[in-house]
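Structure, as structure tokens:
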Amino acid sequence: MRIVIAEDSVLLREGLVRLLREGGAEVLAAVANKDELLEAVDEFSPDVVLTDVRMPPGFSDEGLRAAQQIRSKYPRIGILVLSQYVELTYATDLLAGASAPGAGGLGYLLKDRIARLEEMMDALERIQAGGVVLDPEVVAAAFSKPRTDPLAALTPREREVLELMAEGRTNAAIAATLFLSAGAVEKNISSIFTKMDLAPSQDDHRRVLAVLAWMKA
């Protein structure tokens, strides 16, 4: 896996480089701001970009805006955004570019997760494979919000399935977590799509759209 890192903190940036190399990744560049990130992506064409949300000069959403620019120019590149806090607006904005089939994966994790090598590499591998990964705390915050129809029509089991879908889990992983058969998971997902009026389409990724609709409700 070929990765470009963008993080303004020197200590954290160097720590990420060592961590990812220990996990077997090839770190092509480690930069400190949005402009350097965009230049590194143009130069190296990585498999995955790992970027902080907040970077110089404004320390607001520079990393997220850079991720959106990269997504627009190089849709195949996977992107993992790191944040210090749960910020649902940022996570929702990031997911808005995740629905096209064939595009690279997307992820949003809290920085607390990056010290756990196995968890970090698992997230990056799922993103490289085109999946969507959301931090469990982000998912929990999204699911704690009051909901309106048609989301309120979901059963408790369907909500559990959708929550795991939001974390980027496969059907097999959902089945193992909830002690369900593969058929039962497929039935619940089909019911979720029906209740949320998400018809089959070659142009959209229904799992992502379901999660995005939930977060926006």
Side-chain angles (χ1 to χ4, degrees), residues 1-87 90-91 93-95 97-98 102-139 166-170 172-173 208:
M1 187 189 309
R2 302 165 67 253
I3 298 177
V4 165
I5 297 170
E7 166 60 54
D8 65 283
S9 166
V10 175
L11 290 177
L12 182 52
R13 186 168 66 245
E14 293 305 314
L16 281 168
V17 171
R18 288 193 292 270
L19 184 71
L20 294 175
R21 286 176 175 164
E22 182 181 340
E26 179 184 359
V27 179
L28 305 170
V31 301
N33 58 56
K34 175 186 174 183
D35 291 340
E36 291 176 351
L37 171 57
L38 296 176
E39 290 172 3
V41 169
D42 285 338
E43 180 178 355
F44 295 107
S45 187
D47 300 315
V48 179
V49 165
L50 191 158
T51 180
D52 190 3
V53 168
R54 303 175 185 272
M55 288 194 296
F59 293 98
S60 56
D61 62 349
E62 287 84 358
L64 181 65
R65 287 189 283 114
Q68 292 168 333
Q69 286 181 244
I70 294 166
R71 190 69 170 180
S72 176
K73 190 173 181 180
Y74 304 108
R76 67 160 190 82
I77 294 178
I79 296 172
L80 174 58
V81 172
L82 300 178
S83 179
Q84 189 69 42
Y85 309 103
V86 174
E87 299 177 87
Y90 290 162
D93 288 347
L94 181 68
L95 277 180
L106 292 175
Y108 184 100
L109 291 181
L110 297 184
K111 288 186 176 180
D112 290 346
R113 307 283 169 191
I114 64 179
R116 307 165 193 171
L117 177 58
E118 184 175 341
E119 191 170 343
M120 170 67 82
M121 294 309 300
D122 175 67
L124 287 168
E125 287 166 3
R126 283 191 277 152
I127 290 168
Q128 184 184 23
V132 173
V133 177
L134 284 180
D135 194 285
E137 290 190 31
V138 175
V139 175
E167 292 181 17
R169 304 300 173 181
T170 63
V208 175

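Every heavy atom of this structure was used, including side-chain atoms; hydrogens, water molecules and symmetry mates were not. Please read all numbers here as calculations on a predicted model, not as lab measurements.
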Set of residues satisfying side chain to side chain contact (heavy atoms under 4.5 Å, CB included) with respect to Q69, sequence neighbours excluded: K34, L38
Spatial distance of atom CG (L37) from atom OG1 (T51) [nearest 0.5 Å]: 5.0 Å
With E36 via side chain to side chain contact (heavy atoms under 4.5 Å, CB included) - residues at least two apart: V31, A32, N33
All pairs passing side-chain hydrogen bond (donor to acceptor under 3.5 Å, both in side chains) where residues 2-24 contributes a residue, at least two apart: E7-K111
Shortest non-hydrogen separation from M55 to A6 and the atoms involved: SD-CB, 3.8 Å
L12 and D52, any side-chain heavy atoms less than 4.5 Å apart: no
Reported CG-to-CG distance for the pair L109 and L80, which is rounded to 0.5 angstrom: 5.0 Å
CG-CE distance between L28 and M1, expressed to the nearest 0.5 angstrom: 11.5 Å
Determine all donor-acceptor pairs shorter than 3.5 Å in which one atom belongs to a side chain in residues 127-135; sequence neighbours excluded.
from	atom 1	to	atom 2	distance (Å)
D135	OD1	R113	NE	3.4
D135	OD1	R113	NH2	3.1
D135	OD1	E137	N	2.9
D135	OD2	L110	N	3.0
D135	OD2	R113	NE	2.8

Straight-line distance of L82 CG to L50 CG, nearest 0.5 Å: 4.5 Å
D35 CG to E62 CD distance, which is reported to the nearest 0.5 Å: 10.0 Å
Partners meeting side chain to side chain donor-acceptor pair (under 3.5 Å) with D42 (sequence neighbours left out): K73, Y74
S45: partners by side chain to side chain donor-acceptor pair (under 3.5 Å), with sequence neighbours left out: R76
Test side chain to side chain donor-acceptor pair (under 3.5 Å) applied to Q68 - qualifying residues, sequence neighbours left out: none
Nearest heavy atoms of A67 and I79, plus distance in Å: O-CD1, 3.2 Å
Residue pair R71 / G105: nearest heavy atoms and the distance that separates them: NH1-O, 3.7 Å
Closest heavy-atom pair and its distance - A25, M121: CB-CE, 4.4 Å
Spatial distance of atom CG (L117) from atom CG (L20) [nearest 0.5 Å]: 8.0 Å
Residues in side chain to side chain donor-acceptor pair (under 3.5 Å) contact with R126, at least two apart in sequence or another chain: D122
Distance-minimising heavy-atom pair for P46 and I77: O-CG1, 3.4 Å
